[in-house]
Number of protein chains: 2
Amino acid sequence: MAKAPTVEDVARAAGVSRQTVSNVLNAPDIVRGATRERVERAIAELGYRPHAAARRLRTRRSSTIGVRLDPYLGGISGVVLDRFVHALTERASERGMRIMLYAAHTPAEEIERMGDLVDGGEIDAIVLTGTSREDTRTNWLQERDVPFVSFGRPWRDDDTGAPAHPWVDVDGAAGTRAATRHLLDHAGSRIAFLGWPEGSGTGGDRARGWGEEMSRAGTSGPRWYVEESVGRAREVAGAELAADPAVDGVVCVSDALAIGAHLAATALGRPELPVVGFDNTPAAEALGIASVEQLPEQVAVGVLDLLMGPTGGIVLRRSYAAEAAYVLVEPRLVVR
Amino acid sequence: MAKAPTVEDVARAAGVSRQTVSNVLNAPDIVRGATRERVERAIAELGYRPHAAARRLRTRRSSTIGVRLDPYLGGISGVVLDRFVHALTERASERGMRIMLYAAHTPAEEIERMGDLVDGGEIDAIVLTGTSREDTRTNWLQERDVPFVSFGRPWRDDDTGAPAHPWVDVDGAAGTRAATRHLLDHAGSRIAFLGWPEGSGTGGDRARGWGEEMSRAGTSGPRWYVEESVGRAREVAGAELAADPAVDGVVCVSDALAIGAHLAATALGRPELPVVGFDNTPAAEALGIASVEQLPEQVAVGVLDLLMGPTGGIVLRRSYAAEAAYVLVEPRLVVR
DNA sequence: GGCAAAAGTTTGAACGATCAAATCGTGCTA
DNA sequence: TAGCACGATTTGATCGTTCAAACTTTTGCC
């Protein structure tokens with residue numbers, strides 16, 4: 001295989017200088033039409049492609065975004081993150097950006113890795129996932145002035161009025177509101193909520209949506225608690241449903257719990273009890289259980305908009321303190 | 001934020017030359033102990049990290065592996081690929097390698113993308129997924145002498161004796177053999193196989209395992225065909241089970257079909273009919289359906305071994321024609 | 001036609017690392 | 001003690017691109 005051509009080779013072939021070739025690539029509008037065509041022909045003929053490393057070295061930009069991939073823990077909900085990464089890869093590609101993955105098992109290790117990647121010039125920006133209220137990572141990123149957006153709100157006091165940093169998230173409350181309304185319309189007035197134990201921001205948000213919609217309808221229903229597990233959900237929902245047979249439907253904080261509730265209802269001879277899950281995982285789809293779809297596609301678009309501006313092709317370095325923004329994606333109820 | 005230190009800064013601080021610092025990083029054994037310690041101290045104090053782009057430019061190596069992420073199509077089986085990417089990211093990280101994702105919708109577009117990434121020096125090697133018998137990508141990669149390994153065998157005439165290129169795959173036949181044996185031991189002698197229509201290499205491989213184990217046991221069972229869909233599997237399995245109630249268990253080519261079969265059996269009043277799926281997806285786990293686990297972790301290890309040698313830290317450029325190798329991972333039956 | 005301003009193009013330097021070759025020491029042998 | 005070999009370290013060149021500034025050509029206007 002012959003050595004790859006450089007700008008110099010292209011320049012010689014087109015009878016122009018290095019810089020003009022570079023301009024054709026990076027600022028076509030400042031090159032005269034005739035010249036540009038000549039250069040473009042030479043590029044095509046030689047099959048020239050710019051060498052990314054040289055460009056990065058000079059411009060100090062990598063056009064690459066880092067994303068941490070959590071260790072796979074099994075279970076149902078990892079799917080949303082995977083779909084998000086898929087979507088992000090596609091959307092980033094359309095904007096001339098690349099996605100680099102990294103792995104870490106602890107926040108400290110993640111900070112170490114981010115440091116390597118950022119200082120090494122491998123990535124321009126980071127997409128954080130799984131943010132929590134006290135997140136050492138966000139502080140570190142802000143201190144270092146590294147552009148980043150999180151999938152998941154900061155969970156501080158006023159995330160929408162004065163966000164601690166740019167974020168994108170799915171409006172969990174809106175999702176459960178829609179789910180609750182659907183059940184109120186089609187199933188009956190006594191709708192239960194099967195949620196996680198207190199303490200999770202996401203879980204609280206989703207519970208709130210159910211509560212709001214129930215109050216608005218002037219009715220009420222029981223709220224049950226269980227940790228994220230199909231088996232445990234089946235036990236708890238089974239016991240509660242047996243004790244409270246008047247329940248007309250169940251809104252669940254996740255598909256795993258929804259599956260547990262569905263199995264419990266089936267075992268109690270009520271296979272048609274309406275149950276709505278959250279995340280629209282393949283498992284819920286397979287069982288024909290309705291679910292709230294997170295629309296990871298739109299989350300990905302939101303992330304890139306915040307990082308690069310609505311149309312931009314490069315990562316913007318903005319002052320976080322000054323103007324942090326957010327995108328709240330409205331989820332969609334998938335009825336089955 | 002102060003400018004990042006370079007080798008020059010470290011050299012000055014340690015009272016040595018650029019190259020010595022470089023040697024401490026890349027060939028510590030040729031530097032005298034005392035010198036090395038002095039340099040290491042300076043590196044730590046300054047918080048120096050090598051600039052990847054400069055290194056890449058000079059060494060023409062990126063220590064990065066490209067992986068295509070298929071557009072997310074929903075359904076159940078995409079999970080295996082995601083788990084593989086997770087595992088690959090972690091294992092690669094341990095060997096000082098990074099993973100870069102790219103997106104493409106057609107083979108032609110994928111070749112275009114691979115060209116960009118390889119010629120641009122972004123990646124040293126590629127991991128292909130979803131190989132087929134006539135794969136334009138593998139030919140292109142071999143012509144260009146780009147190191148690559150596929151997850152999925154080449155499906156040529158003699159994949160194990162004379163592989164067309166390095167590959168890693170899961171031994172589907174071994175998986176269904178184990179599943180079949182398990183059902184023969186615990187359920188009865190009439191075990192059905194619910195598989196895809198003819199034509200798929202993977203599907204054929206898995207069907208073979210069932211067939212072999214049935215012959216070995218001197219028994220036989222019906223083979224049913226249906227495309228990859230929970231709903232369709234439910235219909236087909238339901239009809240067949242009703243027509244042939246003597247069936248003692250069903251081995252399925254995928255979890256989606258297994259779920260369909262399980263639902264059909266339940267609807268026929270036989271919820272305990274043993275069914276085994278393939279891929280061990282969260283959906284099967286949630287329903288308590290046994291499944292053959294692909295062990296994507298081991299596939300990832302196999303891929304890296306083939307690319308870099310069992311312990312190596314850099315991608316090996318070998319002659320494919322001369323010595324192509326393969327790794328066949330033995331899957332594991334997860335009983336539930 | 002002349003001249004200033006604007007547009008287009010070229011040249012030298014720099015990004016930060018490693019390679020290749022030269023240099024410097026040190027210990028050993030004759 | 002001169003000579004030599006070998007290990008440790010330094011020096012100069014280079015990877016391919018873009019930036020900044022200098023230079024050349026075209027345009028616009030009187």
Side-chain angles (χ1 to χ4, degrees), chain A residues 2-40 42-43 46-63 96 116 118-122 124 313-314, chain B residues 2-40 42-43 46-64 96 116-122 124 313-314:
Chain A
K3 209 176 121 309
T6 72
V7 292
E8 199 83 47
D9 300 322
V10 175
R12 202 169 316 122
V16 295
S17 71
R18 286 194 314 274
Q19 185 62 35
T20 298
V21 177
S22 174
N23 287 337
V24 169
L25 264 46
N26 301 303
D29 45 313
I30 72 166
V31 179
R32 198 158 38 147
T35 315
R36 184 170 59 232
E37 282 172 26
R38 204 147 31 95
V39 172
E40 279 166 350
I43 288 177
L46 295 179
Y48 165 78
R49 298 185 208 252
H51 196 273
R55 175 176 281 173
R56 288 184 184 191
L57 177 58
R58 184 65 241 227
T59 63
R60 321 216 49 101
R61 223 184 303 116
S62 64
S63 296
D116 284 345
V118 170
D119 291 346
E122 302 257 30
D124 293 336
I314 66 165
Chain B
K3 207 178 121 310
T6 72
V7 288
E8 200 84 46
D9 300 321
V10 174
R12 203 170 314 122
V16 296
S17 71
R18 287 194 316 272
Q19 185 61 34
T20 299
V21 176
S22 173
N23 286 337
V24 169
L25 264 46
N26 301 303
D29 45 311
I30 72 167
V31 180
R32 200 160 37 147
T35 315
R36 184 171 59 232
E37 283 175 25
R38 206 147 31 95
V39 172
E40 280 167 349
I43 289 178
L46 295 179
Y48 165 79
R49 299 184 208 252
H51 196 274
R55 175 178 282 172
R56 288 183 185 193
L57 177 58
R58 183 64 240 222
T59 62
R60 323 227 36 113
R61 220 184 304 116
S62 64
S63 297
T64 302
D116 284 345
L117 294 173
V118 170
D119 290 347
E122 302 256 30
D124 294 336
I314 66 166

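Note that this is a predicted model, so its numbers are computed, not measured. Chain A is the first sequence line, chain B the second, and so forth, proteins listed ahead of strands; every chain is numbered from 1.
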Peer 1: Please give me the minimum heavy-atom distance between B:Ser17 and B:Ala11, naming the atom from each residue.
Peer 2: C-CB, 3.6 Å

Peer 1: Classify the nucleic acid contact of B:Thr59 as base, sugar-phosphate or nothing, counting any heavy atom under 4.0 Å across all strands shown.
Peer 2: sugar-phosphate

Peer 1: Specify the residue among B:Ile30 and B:Leu57 whose closest nucleotide of DNA chain D lies further upstream toward the 5′ end.
Peer 2: B:Ile30

Peer 1: What does B:Arg56 touch in the nucleic acid at a heavy-atom separation under 4.0 angstrom: a base, only the sugar-phosphate, or nothing?
Peer 2: nothing

Peer 1: Quick check on the helix from C:dG1-D:dC30 to C:dA30-D:dT1: what's the angle between its two end axes, five base pairs per end, to the nearest 10°?
Peer 2: 40°

Peer 1: Which is true for A:Thr20 with a 4.0 Å heavy-atom rule: it touches a base, it touches only sugar-phosphate, or it touches nothing?
Peer 2: base

Peer 1: Is there a side-chain contact between B:Pro50 and B:Leu25 (heavy atoms, below 4.5 Å)?
Peer 2: yes

Peer 1: Would you name the heavy atoms of B:Leu46 and B:Pro5 that are closest together and state the gap between them?
Peer 2: O-CG, 3.6 Å

Peer 1: Is a side-chain N or O of A:Arg49 found less than 3.5 angstrom from the main chain of B:Gly120, in a donor-acceptor match?
Peer 2: no

Peer 1: Hey, what do you get for CG (B:Leu117) to OG (B:Ser62), rounding to the nearest 0.5 Å?
Peer 2: 9.5 Å

Peer 1: Mapping B:Arg58 and B:Gly15 onto DNA chain D by nearest heavy atom, which one lands closer to the 5' end?
Peer 2: B:Gly15

Peer 1: Enumerate the side chain to side chain donor-acceptor pair (under 3.5 Å) contacts for residues 25-37 of chain A, please, sequence neighbours excluded, ordered by first and then second residue.
Peer 2: A:Ser22-A:Asn26

Peer 1: Can you check whether B:Asp119 reaches A:Tyr48 side chain to side chain, under 4.5 Å on heavy atoms?
Peer 2: no

Peer 1: Among all residues two or more places apart in sequence or in another chain, which pass the salt bridge (charged side-chain N to carboxylate O under 4.0 Å, His left out) test with B:Asp9?
Peer 2: B:Arg12

Peer 1: Using the side chain to side chain contact (heavy atoms under 4.5 Å, CB included) rule, pick out the option among B:Val24, B:Val39, B:Val31, B:Val10 that qualifies with B:Val16.
Peer 2: B:Val39

Peer 1: Quick one: how far along DNA chain D does chain B reach, first to last nucleotide 5' to 3', anything under 4.0 Å to a heavy atom?
Peer 2: D:dA8 to D:dG16

Peer 1: Under a criterion of less than 4.0 angstrom to any heavy atom of chain A, what are the 5'-terminal and 3'-terminal contacting nucleotides of DNA chain C?
Peer 2: C:dG8 to C:dG16

Peer 1: Donor-acceptor pairs under 3.5 angstrom involving side-chain atoms of residues 53-60 of chain A: please list them, not counting sequence neighbours.
Peer 2:
unit_1, atom_1, unit_2, atom_2, d
A:Arg56, NH2, A:Thr64, OG1, 3.3
A:Arg56, NH2, B:Glu122, OE1, 2.6
A:Thr59, OG1, A:Arg55, O, 2.8
A:Thr59, OG1, A:Arg61, N, 3.3
A:Arg60, NH2, B:His51, NE2, 3.3

